[in-house]
2 protein chains.
Amino acid sequence: MEAPAVRTAPVAPAAKRPRGRPRKTVDERDDGNRRQALIVGAAKLFRRKGFDATSTRDIAAAAGMQSGSPFYHFKSKQALLFAVMEEGMRSAIAHQQVTLQKAQTQGTSSAELLRTLVRHHFDILLGPGSDFIPVMLYEARSITPKQRTVLAELQSEYEAPWVPVLEALRAEGRLQADVKLARLLIFGALNWSAQWYDRRKGATLEGLTAAAMALFIGEAS
Amino acid sequence: MEAPAVRTAPVAPAAKRPRGRPRKTVDERDDGNRRQALIVGAAKLFRRKGFDATSTRDIAAAAGMQSGSPFYHFKSKQALLFAVMEEGMRSAIAHQQVTLQKAQTQGTSSAELLRTLVRHHFDILLGPGSDFIPVMLYEARSITPKQRTVLAELQSEYEAPWVPVLEALRAEGRLQADVKLARLLIFGALNWSAQWYDRRKGATLEGLTAAAMALFIGEAS
DNA sequence: CCTACCGATCGGTAGG
DNA sequence: CCTACCGATCGGTAGG
């Protein structure tokens, strides 16, 4: 059995790498630069107008291309949507791991770990230039069942570090709710903020995090 | 100044009332029965496929009509979407008031009131035949700013009874978080359940309510 | 990656 | 409320 190809999660968009012929997979090509421009532009448009209301012409224009050109990079509009979601998730997973490792040096309390996870989640959800995760959350209806399965696995991977933290809090008596339902409700509380949070208005991500912690485990702010 | 026309909130769809000519407003007619069939069918389709992915032909077929006929009742597809949302909100407000009055007989505790509100919210969100509120929550992008303003007012009306309850809980020390942010986070936790809750699977609305209460105010289940 | 284009679908309307 | 229809837009493709 061959070693599986390791996919590097693009935390930041990779710089162009013009070596060799562009690789081709089933439904997309990879020549770095332009492809990435399509993904970034599509993410922005999908978030603002929704998948169905965004035309491939809009996306092409956002990347400075002509109307037919996106289909040189992606076999379909749906494949482009999936690329946005997948890149968003892989990036989020990688970024979360780094953040967690930084916070976990010594005997960090479970409450502090939860705070780190919550704060990080607000970052990828509401931070500058973060359209990928909201698109994944709010346009899930528009992908195929097979794609949905792939994303579900990535989501499990993302949520994995939350489980032991919530279980520890429950064991410490700081969390009363059933852990599985608590996780679903907590993600709801956080994810919904993409609907109402306005960077220009009052609340900071720090304040939001404090409020969430106070609500979930009664940590006085 | 004339007295403003009172609009009755349609908790249950009104029976047909064939007296006089049908009233006409700016963007819709009212002849009861058929109009309601369009609203109900549209709600179901909008929820399942989204506004953009639902064609007016789909909606017409769901009501047993020909493709052009919905436009006899609604001036546009968007007006039909708004009708779904508005009816959903008016019905939810009325239903919430009734539920609250039943629960509020004597010296009901704030925690018990919150439980009633949460349980009721799960009902209109996840109960049988409740597509209206999910549509309002998840298709808000597709209405006009003016319509959005109307809905925002109805939402304020719906949320109004929650505020004093949360304030009381905060005063009692059972809620640590800022009340305004807590309200937003709580609605997020509840509203998101429309994304993952599956009536056929395990959890009951009662169990969900218990978990939510445990999470928000540490009420042991 | 562009040019030129196709077939399909869609929201909406006229006229009855 | 139906019939017949229109103009516009859209995802996608061939051929270079």
Side-chain angles (χ1 to χ4, degrees), chain A residues 16-18 21-42 45-46 48-84 139 141-144 147, chain B residues 16-18 21-42 45-46 48-84 139 141-144 147:
Chain A
K16 70 174 98 176
R17 43 157 194 189
R21 282 166 249 105
R23 235 177 319 126
K24 298 174 192 180
T25 63
V26 182
D27 56 357
E28 52 196 53
R29 290 156 183 264
D30 184 349
D31 38 27
N33 194 6
R34 309 308 302 143
R35 186 174 183 277
Q36 193 61 26
L38 283 169
I39 292 181
V40 170
L45 288 164
F46 287 158
R48 195 189 325 146
K49 320 201 314 177
F51 177 73
D52 289 306
T54 301
S55 72
T56 56
R57 283 161 174 82
D58 290 339
I59 298 168
M65 296 176 184
Q66 296 305 313
S67 69
S69 303
F71 298 97
Y72 171 78
H73 298 276
F74 295 91
K75 86 165 235 257
S76 69
K77 187 187 175 189
Q78 205 179 35
L80 181 43
L81 172 63
F82 179 69
V84 169
E139 305 296 333
R141 193 164 35 198
S142 298
I143 57 175
T144 68
Q147 292 173 326
Chain B
K16 70 174 93 176
R17 43 157 195 189
R21 280 167 250 102
R23 244 190 296 136
K24 300 173 191 180
T25 64
V26 182
D27 56 358
E28 51 195 57
R29 290 155 184 264
D30 184 350
D31 37 27
N33 194 5
R34 309 309 302 144
R35 186 174 183 278
Q36 192 62 26
L38 282 169
I39 292 181
V40 170
L45 288 163
F46 288 158
R48 195 188 326 146
K49 319 203 313 178
F51 177 73
D52 288 307
T54 301
S55 72
T56 54
R57 283 161 174 81
D58 290 339
I59 298 169
M65 293 176 185
Q66 296 304 314
S67 70
S69 303
F71 298 97
Y72 170 79
H73 297 277
F74 295 91
K75 88 165 234 253
S76 69
K77 187 186 174 189
Q78 207 178 33
L80 180 44
L81 172 62
F82 179 69
V84 168
E139 305 297 333
R141 193 165 35 198
S142 299
I143 57 174
T144 68
Q147 293 173 326

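Keep in mind that what you see is a predicted model, and the values were worked out from it rather than measured.
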Legend entry - Distance below 4.0 Å between B:S55 side-chain N/O and C:dT9 OP1 or OP2: no
Legend entry - Distance, rounded to the nearest Å, where B:F51 contributes CZ and C:dC10 contributes P: 13 Å
Inset, instruction - Provide the Watson-Crick or G-U wobble partner of D:dC10, both distances under 3.5 Å; none if there is no partner. - result: C:dG7
Legend entry - Nearest listed nucleotide, side chain of B:T56, among D:dG12, D:dC1, C:dG11: C:dG11
Inset, instruction - Rounded off to whole Å, could you give me the CZ-to-P distance for the A:F74 and D:dT13 pair? - result: 15 Å
Inset, instruction - Starting at atom OH of A:Y72, determine the distance to atom P of C:dA4, rounded to an integer number of angstrom. - result: 21 Å
Inset, instruction - Looking only at non-hydrogen atoms, find the nearest pair between A:D58 and A:A53 and report the distance. - result: OD2-O, 4.2 Å
Inset, instruction - Take the protein atom CD1 of B:I59 and the nucleotide atom P of C:dC10, then report the distance between them rounded to whole Å. - result: 11 Å
Inset, instruction - Please state whether the phosphate of D:dT3, meaning OP1 or OP2, lies under 4.0 angstrom from any side-chain nitrogen or oxygen of B:Q66. - result: yes
Inset, instruction - Between A:G68 and A:A53, just flag the one whose closest nucleotide in DNA chain D comes earlier from the 5' side. - result: A:A53
Inset, instruction - Output, in order, the C-alpha distance, side-chain angles, deciding distance and verdict of side-chain contact (heavy atoms from CB on, under 4.5 Å) for A:F46 and A:I59. - result: CA-CA 9 Å; A:F46 287 158; A:I59 298 168; 3.8 Å; yes
Inset, instruction - Rounded off to whole Å, could you give me the CZ-to-C1' distance for the B:F71 and C:dG15 pair? - result: 17 Å
Legend entry - Side-chain N or O of A:R57 closer than 4.0 Å to phosphate OP1/OP2 of D:dC10: no
Legend entry - Residue whose nearest DNA chain D nucleotide is more 5′ - A:S69 or A:D58: A:D58
Inset, instruction - Taking only Lys NZ, Arg NE, NH1 and NH2, and the carboxylate oxygens of Asp or Glu, determine whether B:R48 and B:E139 approach each other closer than 4.0 Å. - result: no
Inset, instruction - Starting at atom CG of B:L38, determine the distance to atom C1' of D:dC1, rounded to an integer number of angstrom. - result: 11 Å
Legend entry - Paired nucleotide for C:dG15 [Watson-Crick or G-U wobble; both distances under 3.5 Å]: D:dC2
Inset, instruction - State whether the side chain of A:K75 and the backbone N or O of A:L80 hold a donor-acceptor pair below 3.5 Å, judged by distance alone. - result: no
Legend entry - From C:dC1, C:dG12, D:dC1, nucleotide with atom closest to A:R34 side chain: C:dC1
Inset, instruction - Check the distance between D:dG12's C1' and A:Q78's CD and give it to me in whole angstrom. - result: 14 Å
Legend entry - Euclidean distance, B:T56 OG1 relative to B:F74 CZ, rounded to 0.5 Å: 12.5 Å
Legend entry - Separation of atom CG in A:D52 from atom P in C:dA8, rounded to whole Å: 20 Å
